[in-house]
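In what follows, a single structure is set out as structure tokens and then discussed.
In listed order, ligands and their atoms are each counted from 1. The basis for the numbers below is simple: all heavy atoms, side chains too, and nothing from hydrogens, waters or symmetry mates.
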Amino acid sequence: MISELAAALPADSVLTDPDLLRSYQRDEADLCPYGMPAAVVRPRETAQVAAAVTIAARYAVPVVPQGARTGLAGGANAVDGALVLSLTAMDRIVDIDGTNRIAVVQPGVVNAALAKALAAHRLRFPPDPSSWESATIGGNVSTNAGGMCCVKYGVTGEYVIGLEVVLGTGEVLRTGRRPAKGVAGYDLTHLFVGAEGTLGVITEITLALRPVAEESLTLVAVFPTTTAAGAAVAAIADAGSTPSLLELVDRTHLAAIEAYRPMGLRTDAAALLLAAADTGPHAAAELARIDTLCRRAGADEVYTASDPTEAALLLAARRLAYPAIDQLATASFPDGSGGVIVDDICVPRTALARVLDGVARIAAAHEVMVGVIAHAGDGNLHPNIVVDRADPASVARGRAVFDEITELALAVGGTCTGEHGVGLLKRDWLAREIGPVGVRVHQAIKAALDPANILNPGKVL
Ligand SMILES: Cc1cc2nc3c(=O)[nH]c(=O)nc-3n(C[C@H](O)[C@H](O)[C@H](O)COP(=O)(O)OP(=O)(O)OC[C@H]3O[C@@H](n4cnc5c(N)ncnc54)[C@H](O)[C@@H]3O)c2cc1C
């Protein structure tokens, strides 16, 4: 396979040096298995992706597509002997069309690079995962990524209107449209959104754009209990308010962020809610309403950022949650053996307070440290479970906590993953959530598009 790849592709795009291969083995998910690929291909054009997949299919070798490997579910992890297709060199913005409000991009374009290019046209692709400075649009589409502004603007899939995809057979499929509307045929585009590389390799993406947002105003509300913070979120939604951001940071993360980068956060609070409004001249009134609702729900302090720099600092603090909890975990055990199992559940907003209480109860029962950050306005929680990787009993307790939290999410009508995807981490839970008929339909779709089961096998189902 490797000599055929070398003959078909530019010399510098096929990597076989074991030291280089090792850096393509896994994503950011802790405690997920990964193997050693046989080769990594770094294509620049769709034809090179098609050639690589065709050759891999001939040898029945698994193909693992990768973006920036910031994934948190093990979806991009290599399996032994696989061909890794790293799409990061396909990083061209092919077109920005202001009149039709669309952009056409290769999958390796980084989210923040696209944001910068679009801003010059006063346009915007809203989904903004906290990893936006490194994650690729191909990865965002393949995980249907969310982010902080999704409470108002929706997740990645809502902006994907067309795709070019290389199927497991090596054929190139074009889906979707460029015009503002179009209903021709089945909605194949959204079959690939969130498919985590199991149905095809995305080689080009057509995105619907929005005009650049109005400047926003931001507030912080400090709560003595997470229950009160959860109740405030429900009250804000109930009142018909449309914040452009509504995030929760709990006490564990406040302490972690303050230790990672001191910025004067209230570490005595049980939880902070960060809210923003970007409704231009109406933003101050919108924020005043959110302020009142937070106080009524029990906030003991509400503070509005005085200028955009201060607001940006608050958001930066929220974006530091992952590296901060990682550092806290490392520092919590001797020899730096601490690790974090990042969970991702989404529940109805009405159940948020109950689930926050439930997570705290589960953590206490197992004597495991669990910090929660949440895209609270969407009911999307990330319980971050701190374990000692060197101690199997600690890892087992962490996994029990993970399972009980996911069970709780399903019990209140939620889902096992709100944005990180199934990958390796949630395979059993997906089957439970969608049931036997759902599993059968998933399998039928997979068999139709990837008959030899070479695309990211073992992920999702
Ligand atoms: C600090 C941090 C913060 C994060 N914050 C958020 C957040 O706020 N919201 C959120 O949703 N996620 C978040 N994530 C998770 C992660 O960044 C997202 O899942 C992101 O969309 C992954 O993009 P990537 O380019 O790194 O893809 P990868 O991790 O490389 O791949 C992700 C999945 O997509 C598949 N894939 C990648 N490219 C392609 C392609 N071209 N064709 C087919 N399949 C492909 C892979 O096989 C894999 O299954 C965060 C991660 C970190 C480390």
Candidate pair Val109 and Ile205, rule side chain to side chain contact (heavy atoms under 4.5 Å, CB included), full reasoning: CA-CA 10 Å; Val109 171; Ile205 302 146; over 6 Å; no

Within-cut-off N or O pair, Leu87 and ligand 1, under 3.5 Å: no

Quick one: look at Lys459 and ligand 1, take heavy-atom pairs under 4.0 Å, and tell me if it's side chain, backbone, both or neither. neither

Tell me the protein heavy atom at minimum distance from atom 45 (C) of ligand 1, and give that distance in Å. Ser142 OG, 3.1 Å

Determine whether the side chain, the backbone, both or neither of Ala145 has a heavy atom under 4.0 Å from any heavy atom of ligand 1. both

Whether His382 and Tyr322 hold their rings parallel, tilted or perpendicular, with breakpoints at 30° and 60°: tilted

Protein heavy-atom partner closest to atom 2 (C) of ligand 1 - residue, atom, separation in Å: Tyr322 CD1, 3.5 Å

With only distance considered, is Arg69 within less than 3.5 Å of ligand 1 through an N or O on each side? yes

Where's the contact between Thr70 and ligand 1, heavy-atom distance under 4.0 Å: side chain, backbone, both or neither? both

Do you know which of Leu85, Val84, Ile55, Val166 makes side chain to side chain contact (heavy atoms under 4.5 Å, CB included) with Val63? Leu85

Is NZ or CZ of Arg42 both nearer than 6.0 Å to the six-membered ring centre of Tyr24 and within 45° of the ring axis? no

For the pair Arg58 and Glu4, find out whether any cationic side-chain nitrogen is under 4.0 Å from an anionic carboxylate oxygen. yes

Short N/O distance, under 3.5 Å, between Gly75 and ligand 1? yes

Are more than 12 heavy atoms, taken from residues, nucleotides or ligands other than Arg427, located less than 6.0 Å from that residue's CZ atom? yes

Can Glu204 and Thr46 be counted as having a side-chain donor-acceptor contact under 3.5 angstrom? no

Closest to atom 47 (O) of ligand 1 (heavy atoms only, candidates Gly200, Pro65, Ser86) is Pro65

Does Pro129, backbone or side chain, put an N or O under 3.5 Å from an N or O of ligand 1? no

Going by atom types only, do Glu164 and Thr203 share a side-chain donor-acceptor pair under 3.5 Å? yes

Among all protein heavy atoms, pick the one closest to atom 11 (O) of ligand 1 and tell me residue, atom and distance. Gly146 N, 3.0 Å

Are Trp132 and Asn140 close enough that a side-chain donor and a side-chain acceptor fall under 3.5 Å? no

Asp128 to ligand 1: N or O pair under 3.5 Å? no

Among Ile202, Ile205, Thr203, which residue places a heavy atom closest to atom 42 (N) of ligand 1? Ile202

Any idea which part of His375 is under 4.0 Å from ligand 1, heavy-atom wise: side chain, backbone, both or neither? side chain

Considering both backbone and side-chain atoms of Asn456, is one of its nitrogen or oxygen atoms within less than 3.5 Å of a nitrogen or oxygen in ligand 1? yes

Gly197, Gly74, Ser131: member with heavy atom nearest to atom 17 (O) of ligand 1: Ser131

Does the side chain of Thr198 come under 3.5 Å of the side chain of Glu196 through a donor N or O and an acceptor N or O? no

Please tell me whether Asp388 and Ser337 have a donor and an acceptor in their side chains that are separated by less than 3.5 angstrom. yes

Any N/O of Leu72 closer than 3.5 Å to an N/O of ligand 1? no

Heavy atom of Val64, distance to ligand 1 below 4.0 Å: no

Give the residue, atom name and distance (to 0.1 Å) of the protein heavy atom nearest atom 33 (C) of ligand 1. Thr143 CG2, 3.8 Å

Under the criterion side chain to side chain contact (heavy atoms under 4.5 Å, CB included), which of Asp378, Leu72, Asp344 is the partner of Glu419? Asp344

